[in-house]
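These numbers were taken from a predicted model, which means no experiment stands behind them. In the text below, chain A, chain B and the rest are named by the order of the sequence lines, each starting its count at 1. Below, each value reflects all heavy atoms present in this structure, side chains not excepted, and no hydrogens, waters or symmetry copies.
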Protein chains: 2
Amino acid sequence: MDGVQPMTTGPRRGRPPAGGREQILKASLEVLRERGIARLTTREVAERAGVSEGSVFYHFGDRFGLLRAVFEGSLTPLLKLSVAGVAAADVRTTLENFSDAVQGFLATGLDVLLAAHGDAELREGTAAFLAEQDYGPHRGIRIIGDYLATQQAAGSVRADVDPRVVAYLIVSDALSRTMQPKLLAHAKGVPTRKAFFDSIMAMLST
Amino acid sequence: MDGVQPMTTGPRRGRPPAGGREQILKASLEVLRERGIARLTTREVAERAGVSEGSVFYHFGDRFGLLRAVFEGSLTPLLKLSVAGVAAADVRTTLENFSDAVQGFLATGLDVLLAAHGDAELREGTAAFLAEQDYGPHRGIRIIGDYLATQQAAGSVRADVDPRVVAYLIVSDALSRTMQPKLLAHAKGVPTRKAFFDSIMAMLST
DNA sequence: GTCTATAGGTTGATAGAC
DNA sequence: GTCTATCAACCTATAGAC
């Protein structure tokens, strides 16, 4: 007994069982982030994925198809946001959790959106895809806005605030907070998350 | 008399007196926006500028130098923001004017920042340049925050709000509003500018 | 300062064996 | 499905005349 399983499942020489296709997608995302879309070559992607260039074209047809697959693959699995997933005992914690969830998504999603922006064809293709999926900030705004409206009806939130505007402030804050370090590589002079939510709660308090 | 001036100022064949260097910078910005950084070639820039490729390299050394010049040229002339420039009789109008000024700048500046993000070397070069210039949202936040603090001291703004947070909300709103159509090519579900400022003023009202 | 011509290196993509 | 060639196109950059 040496712990090695019999090779009855076919030829599996060299590398681990990792599927080539997945490796290529993963490598592409990596190159996109590290080098930028202007420097992403099918050659480097293949190298990092540990496959040949031919494999890249076999799976995705052409460079455009590869990038398209990367973008849609990164953007799709996100819109699972819901209040249920982040609901907590008090309003503040619920809002904070929601903000964290949005930021968590944006941390990945923005890289992809920014990358797409560097190539006109990809930019348009991605925009069409997003429009088709009805993707956008209005989703987050509605989810959290509805939640606030409910709380308002229950009397836990001041009656004369606009729930949708407050929801927008939270989504907008999440966007700014995620975007800033990406575009400027530093984040100074911006109020802390705590200060931000202190002010939001002051707006909401009855 | 046929309205043609004598050609005593030297050789000016073909096109108008426009300086080649400026034409190249302008064309580059144009290509950057239309096609994206991944598709910007010195060839197309030269073509659009109406000069030869050799001229491009004569003026900027290499492709990197060209893009660097474009970026720094677009980013520099901006940070002239001040309250003085937008001050109005009432608080709301002043804030709205300031917001417009920020959005006006971002409309141009963001294109450049997004483009730089598509190439790792440019991304780092631009980040270094911005850090050196102490560029960032903290400038706008401080300007408008100071203004609000003054109004607060004068009694025209409620005492228990955090001026810097409100300033941040305004800058953050400007960023979101400018960024969204660029990244998503549509803008739905976002509160109107009017609704946003209504809520801001409600926060500030004594 | 601007042009033409061209060199030299990459890059996306294909063909065919395994 | 994956690999090894291989190509044709393209792109940055340089040299030298005007």
**Student:** Measure from NE2 on A/H59 to P on C/dG12 and round the result to the nearest Å.
**Tutor:** 18 Å

**Student:** Does B/E96 reach the main-chain N or O of B/R193 with its side chain, forming a donor-acceptor pair under 3.5 Å?
**Tutor:** no

**Student:** Output the rounded distance in Å from CG (B/D119) to C1' (D/dT12).
**Tutor:** 14 Å

**Student:** Check whether any side-chain N or O of B/S99 sits under 3.5 Å from a backbone N or O of B/L95 as a donor-acceptor pair, and report yes or no.
**Tutor:** no

**Student:** Among the nucleotides D/dC3, C/dA13, C/dC3, which one has an atom lying closest to any side-chain atom of B/V51?
**Tutor:** C/dC3

**Student:** Near A/K26 NZ, under 6.0 Å, is it more than 12 heavy atoms from other residues, nucleotides or ligands?
**Tutor:** no

**Student:** Could you give the CZ-to-P distance, from B/F57 to C/dA7, as a whole number of Å?
**Tutor:** 17 Å

**Student:** D/dT12 C1' sits how many Å from B/R68 CZ, rounded?
**Tutor:** 19 Å

**Student:** I'd like to know whether CZ of A/R63 has more than 12 heavy-atom contacts from other residues, nucleotides or ligands below 6.0 angstrom.
**Tutor:** yes

**Student:** For B/R142, check salt bridge (Lys or Arg N to Asp or Glu O under 4.0 Å) against everything at least two apart and list the hits.
**Tutor:** none

**Student:** Find the distance B/F60:CZ to C/dG1:P and express it as a whole number of Å.
**Tutor:** 12 Å

**Student:** Without decimals, in angstroms, what is the distance between B/E22 CD and C/dG1 C1'?
**Tutor:** 14 Å

**Student:** Is any side-chain nitrogen or oxygen of A/Y58 closer than 4.0 Å to OP1 or OP2 of D/dG1?
**Tutor:** yes

**Student:** Measure CD/B/E47 against C1'/C/dT2 and give the value in whole Å, please.
**Tutor:** 17 Å

**Student:** Mind checking what makes side chain to side chain donor-acceptor pair (under 3.5 Å) contact with A/E22, not counting sequence neighbours?
**Tutor:** none

**Student:** Output one letter per nucleotide in nucleotides 4-11 of chain D: B when a protein non-hydrogen atom lies under 4.0 Å from the base, S when only the sugar-phosphate is that close, - when neither is.
**Tutor:** B------B

